[in-house]
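Below: the structure, in structure tokens.
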Protein chains: 2
Amino acid sequence: MRADAQRNYDRIVETARQVFREQGYDASLDQIAKLAGVGPGTLYRHFPTRDDLIDAVMQSWVDRVEDTTDKALAHEGGPRELLLNWFEEYVRLISVHKGGPAKITSAMGDDGSPIRTKCEVLRAANERVLEQLRAEQAVRSDVTSLQVARMVGGVATVADQSELEDAFVRPMLEVLADGLLTRP
Amino acid sequence: MRADAQRNYDRIVETARQVFREQGYDASLDQIAKLAGVGPGTLYRHFPTRDDLIDAVMQSWVDRVEDTTDKALAHEGGPRELLLNWFEEYVRLISVHKGGPAKITSAMGDDGSPIRTKCEVLRAANERVLEQLRAEQAVRSDVTSLQVARMVGGVATVADQSELEDAFVRPMLEVLADGLLTRP
DNA sequence: ACCTGAACACCGTTCAAGT
DNA sequence: ACCTGAACACCGTTCAAGT
């Protein structure tokens with residue numbers, strides 16, 4: 001990539017990160033281009049769709065997913081506490097930008113989505129948690145990581161769009177956890 | 001209301017119903033006005049916001065909610081089957097138009113929303129089902145109809161945005177039901 | 001009292017002209 | 001090879017002029 005192209009690319013991603021943080025994922029691309037000091041055509045050359053830009057912004061965030069999963073898996077306490085803690089972390093992970101939960105969760109399982117690699121990372125994280133709990137026979141064996149990602153993502157989507165406080169989200173995650181855990 | 005105003009009002013609502021059915025709740029209001037044969041200003045005079053128009057379109061649909069709830073409450077079989085059957089009907093009820101699940105579920109609990117009366121009807125329907133199950137001690141006593149509306153609405157939102165088949169939705173509703181039912 | 005439709009601001013997208 | 005920015009189509013919203 002030519003030096004000026006690389007510079008523009010980086011500028012756009014950095015500006016987008018800021019604007020998305022303030023206004024959410026449906027912010028104006030025109031405004032991002034203006035703030036980044038490039039023409040709208042330049043933004044479109046690098047990122048043909050909004051999701052391509054979102055994918056680039058998400059890049060730096062992938063490592064955090066791995067770390068968060070590691071920590072959740074090392075959680076003290078029983079399977080219920082482990083699962084609940086993971087759900088809360090998962091909601092936090094996909095809720096960093098307004099509109100994120102809906103965007104990520106609806107792309108989950110869509111192989112053609114520009115953000116599919118990010119979805120795959122999240123699905124794999126859920127799979128790791130499920131595997132550990134399956135080994136303890138603590139969780140239903142017929143439930144898939146895709147289903148879990150969709151259900152927790154559904155709660156996160158509602159919470160994001162209704163701007164719910166954490167205190168209102170927690171009981172819903174508890175119901176989900178109880179539905180997934182095997183009866184003692 | 002003047003005769004021509006009434007006529008325009010009805011035309012707009014009827015046209016909106018058709019366009020929403022084909023294109024979902026985020027269809028162009030400009031197009032609806034054109035198809036209804038009125039100026040854009042007329043549409044705005046009658047319906048200051050998109051949600052006001054959606055509310056009017058939903059009006060005819062309220063009766064169906066009551067009926068569906070009655071039928072679900074008379075369902076044969078155990079509490080789990082009753083709850084599952086109701087969830088499936090509920091998802092159907094809020095998914096008649098694309099974008100409906102998200103719109104309805106995110107307005108749930110918001111007293112300032114133009115569609116709040118419709119949300120209240122749906123919340124009350126969930127309350128009726130919960131009350132019957134509570135009487136049988138079949139369902140957790142600490143769960144509210146608002147929570148249920150949000151959780152099932154969350155699943156419906158994901159299903160709507162990912163265009164999931166019913167077969168993929170059912171197992172998620174099962175997890176929800178199992179999380180809500182008391183342990184036998 | 002209500003309607004019309006021009007006008008405005010904004011957005012996404014394309015593409016000819018430039019370097 | 002890449003960028004610029006004018007141009008286009010579309011949308012929501014407002015409001016002066018009409019009936």
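Letters go in sequence order (proteins before strands), and every chain restarts at 1.
Between the side chain of Thr182(B) and the main chain of Arg140(B), no donor-acceptor pair closer than 3.5 Å is present. Judged by distance alone, with hydrogens and angles left aside, the side-chain atoms of Asp52(A) form a donor-acceptor pair with the main-chain N or O of Thr49(A) at under 3.5 Å.
Looking at Met108(A) and Glu120(A), their side chains never come closer than 4.5 Å, going by heavy atoms from C-beta outward. No side-chain heavy atom of Leu122(B) sits under 4.5 Å from any side-chain heavy atom of Lys118(B). Side-chain contact check for Leu164(B) versus Met172(B): some heavy-atom pair is nearer than 4.5 Å. Taking 4.5 Å as the limit, some side-chain heavy atom of Met151(A) sits within range of a side-chain heavy atom of Val175(B). Taking 4.5 Å as the limit, some side-chain heavy atom of Arg11(A) sits within range of a side-chain heavy atom of Arg7(A).
The minimum heavy-atom distance between Ser60(A) and Arg17(A), with the atom names listed, is OG-NH1, 3.2 Å.
Within residues 19-47 of chain B, the residues that have a heavy atom under 4.0 Å from DNA chain C are, in order of number, Gly37(B), Val38(B), Gly39(B), Pro40(B), Gly41(B), Thr42(B), Arg45(B), His46(B).
We find that CZ of Arg7(A) is positioned 13 Å from C1' of dT4(D), with the value rounded to whole Å. Separating the CD atom of Gln6(A) from the C1' atom of dC3(D) is a distance of 15 Å, rounded to the nearest angstrom. Across the protein-nucleic acid pair, Arg11(A) atom CZ and dT4(D) atom C1' stand 14 Å apart, rounded to whole Å. The separation between Asp52(A) atom CG and dG12(C) atom C1' is 15 Å, rounded to whole Å.
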- Item | Intra- and interstrand pairs of DNA chain D - dot-bracket, Watson-Crick/G-U under 3.5 Å, | marks other strand | ||.|||||...|||||.||
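Checked by atom type, the side-chain pair Thr157(A)/Asp160(A) shows no donor-acceptor distance below 3.5 Å.
Salt bridge annotation for Asp51(B)-Lys103(B): present, with a cationic side-chain nitrogen under 4.0 angstrom from a carboxylate oxygen.
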Could you go through nucleotides 16-19 of chain C and list every protein N or O atom that sits under 3.5 Å from one of its N or O atoms, giving the distance for each pair?
none

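Under the 30°/60° scheme for interplanar angles, the aromatic rings of His46(B) and Tyr9(B) are found to stand perpendicular.
An OP1 or OP2 oxygen of dC2(D) is reached within less than 4.0 angstrom by no side-chain nitrogen or oxygen of Asn8(A).
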